[in-house]
Amino acid sequence: MKKVIITVVGKDTVGIIAKVCTYLANNRINILDISQTIVSGYFNMMMIVDFAESAKPFDDASAELEQVGKEIGVVVKCQLEDIFDSMHRI
(Lines give C-alpha, C1' and ligand atoms only; values in the text may rest on other atoms or scores of the structure.)
Protein backbone atom coordinates (compact mmCIF):
# COMPACT_ATOMS: atom_id res chain seq x y z
CA MET A 1 0.00 0.00 0.00
CA LYS A 2 1.25 3.47 -0.89
CA LYS A 3 -0.71 5.91 1.28
CA VAL A 4 -1.04 9.55 0.28
CA ILE A 5 -2.69 12.44 2.12
CA ILE A 6 -4.78 14.73 -0.09
CA THR A 7 -6.13 18.04 1.19
CA VAL A 8 -8.66 20.22 -0.60
CA VAL A 9 -9.41 23.74 0.65
CA GLY A 10 -11.34 26.66 -0.81
CA LYS A 11 -14.62 28.48 -1.19
CA ASP A 12 -17.48 25.99 -1.23
CA THR A 13 -19.09 25.28 -4.58
CA VAL A 14 -21.08 22.49 -6.19
CA GLY A 15 -19.08 19.51 -7.44
CA ILE A 16 -15.79 19.71 -5.53
CA ILE A 17 -16.01 16.18 -4.13
CA ALA A 18 -17.34 14.82 -7.44
CA LYS A 19 -14.46 16.28 -9.48
CA VAL A 20 -11.72 15.08 -7.11
CA CYS A 21 -13.25 11.62 -6.62
CA THR A 22 -13.85 11.17 -10.36
CA TYR A 23 -10.18 11.91 -11.03
CA LEU A 24 -9.15 9.40 -8.36
CA ALA A 25 -11.47 6.68 -9.69
CA ASN A 26 -10.34 7.21 -13.28
CA ASN A 27 -6.72 6.69 -12.18
CA ARG A 28 -7.36 3.65 -9.93
CA ILE A 29 -6.53 5.58 -6.75
CA ASN A 30 -8.52 4.06 -3.89
CA ILE A 31 -10.01 6.25 -1.14
CA LEU A 32 -9.29 4.71 2.28
CA ASP A 33 -10.68 7.49 4.47
CA ILE A 34 -12.33 10.83 3.85
CA SER A 35 -13.42 13.74 6.02
CA GLN A 36 -14.94 16.98 4.84
CA THR A 37 -16.53 20.01 6.41
CA ILE A 38 -17.85 23.40 5.41
CA VAL A 39 -17.32 26.32 7.79
CA SER A 40 -18.73 29.76 6.96
CA GLY A 41 -18.78 28.91 3.26
CA TYR A 42 -15.26 27.45 3.14
CA PHE A 43 -14.79 23.83 2.09
CA ASN A 44 -12.13 21.64 3.72
CA MET A 45 -11.51 17.99 2.87
CA MET A 46 -8.81 15.56 3.91
CA MET A 47 -8.46 12.17 2.27
CA ILE A 48 -6.18 9.22 2.79
CA VAL A 49 -5.82 7.32 -0.45
CA ASP A 50 -3.90 4.30 -1.74
CA PHE A 51 -1.74 5.02 -4.80
CA ALA A 52 -0.49 1.41 -5.14
CA GLU A 53 -2.65 0.63 -8.19
CA SER A 54 -2.50 4.13 -9.68
CA ALA A 55 -2.35 4.42 -13.44
CA LYS A 56 0.07 7.34 -13.07
CA PRO A 57 3.21 8.12 -11.06
CA PHE A 58 2.66 10.14 -7.87
CA ASP A 59 4.24 13.34 -9.23
CA ASP A 60 2.07 13.33 -12.37
CA ALA A 61 -1.15 12.61 -10.48
CA SER A 62 -0.31 15.24 -7.86
CA ALA A 63 0.23 17.90 -10.54
CA GLU A 64 -2.97 16.91 -12.32
CA LEU A 65 -4.97 17.05 -9.08
CA GLU A 66 -3.58 20.55 -8.44
CA GLN A 67 -4.81 21.50 -11.92
CA VAL A 68 -8.26 20.01 -11.20
CA GLY A 69 -8.33 22.18 -8.08
CA LYS A 70 -7.47 25.33 -10.05
CA GLU A 71 -10.26 24.57 -12.50
CA ILE A 72 -12.84 24.44 -9.69
CA GLY A 73 -11.36 27.20 -7.54
CA VAL A 74 -9.81 25.20 -4.69
CA VAL A 75 -6.29 24.27 -3.61
CA VAL A 76 -5.44 20.56 -3.80
CA LYS A 77 -2.24 19.28 -2.19
CA CYS A 78 -0.88 15.72 -2.11
CA GLN A 79 1.77 14.40 0.27
CA LEU A 80 3.17 10.93 0.69
CA GLU A 81 2.21 9.54 4.10
CA ASP A 82 5.85 9.20 5.22
CA ILE A 83 6.59 12.86 4.48
CA PHE A 84 3.31 13.99 6.09
CA ASP A 85 4.10 11.99 9.25
CA SER A 86 7.65 13.37 9.42
CA MET A 87 6.46 16.95 9.04
CA HIS A 88 3.89 16.62 11.82
CA ARG A 89 6.00 14.79 14.39
CA ILE A 90 6.89 16.72 17.51
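In this text, all values refer to a predicted model and were calculated from it rather than measured experimentally.
- In this structure, Leu24 and Val49 approach most closely via the heavy-atom pair CD1-CG1, 4.1 Å.
- Taking the ring axis of Phe51 as reference, the NZ or CZ atom of Lys3 does not stay both within 45° of it and closer than 6.0 Å to the ring centre.
- Ile38 and Val14 are not part of a single hydrophobic cluster, where members link through side-chain heavy atoms under 4.5 Å apart.
- Proximity of Tyr23 to Leu65: side-chain heavy atoms (C-beta onward) are separated by under 4.5 Å at one or more points.
- Side-chain contact check for Ile34 versus Met45: some heavy-atom pair is nearer than 4.5 Å.
- Nearest approach of Cys78 to Ile6, heavy atoms of both residues: SG-CG1, 3.9 Å.
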Can Met46 and Ile5 be said to form a side chain to side chain contact (heavy atoms under 4.5 Å, CB included), step by step?
CA-CA 7 Å; Met46 181 175 178; Ile5 311 301; 3.6 Å; yes
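- Between Met47 and Cys21, some side-chain heavy-atom pair lies under the 4.5 Å cut-off.
- Proximity of Val76 to Thr7: side-chain heavy atoms (C-beta onward) are nowhere separated by under 4.5 Å.
- With hydrogens and angles ignored, the 3.5 Å screen pairs a side-chain donor or acceptor of Asp50 with a backbone N or O of Ala52.
- Side-chain contact between Phe58 and Val4 is present, with heavy atoms from C-beta onward closer than 4.5 Å.
- Once rounded to the nearest 0.5 Å, the distance linking CG of Asn44 with CG of Asp12 reads 11.0 Å.
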Audit row: Phe43, Thr13, side chain to side chain contact (heavy atoms under 4.5 Å, CB included) steps and yes/no
CA-CA 8 Å; Phe43 178 86; Thr13 188; over 6 Å; no
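- Summarising the geometry, atom OG1 belonging to Thr22 is positioned 11.0 Å from atom CD1 belonging to Ile17; distances are rounded to the nearest 0.5 Å.
- Taking 4.5 Å as the limit, some side-chain heavy atom of Val8 sits within range of a side-chain heavy atom of Ile16.
- With rounding to the nearest 0.5 angstrom, the NZ atom of Lys2 is 9.5 Å from the CD1 atom of Ile29.
- Heavy-atom contacts from other residues, nucleotides or ligands closer than 6.0 Å to CD of Gln36 number more than 12.
- Here Ser62 contributes atom OG and Lys56 contributes atom NZ; the two are 12.0 Å apart, rounded to the nearest 0.5 Å.
- No continuous path of hydrophobic side-chain contacts links Val68 to Val75 [ILVMFWY only; heavy atoms under 4.5 Å].
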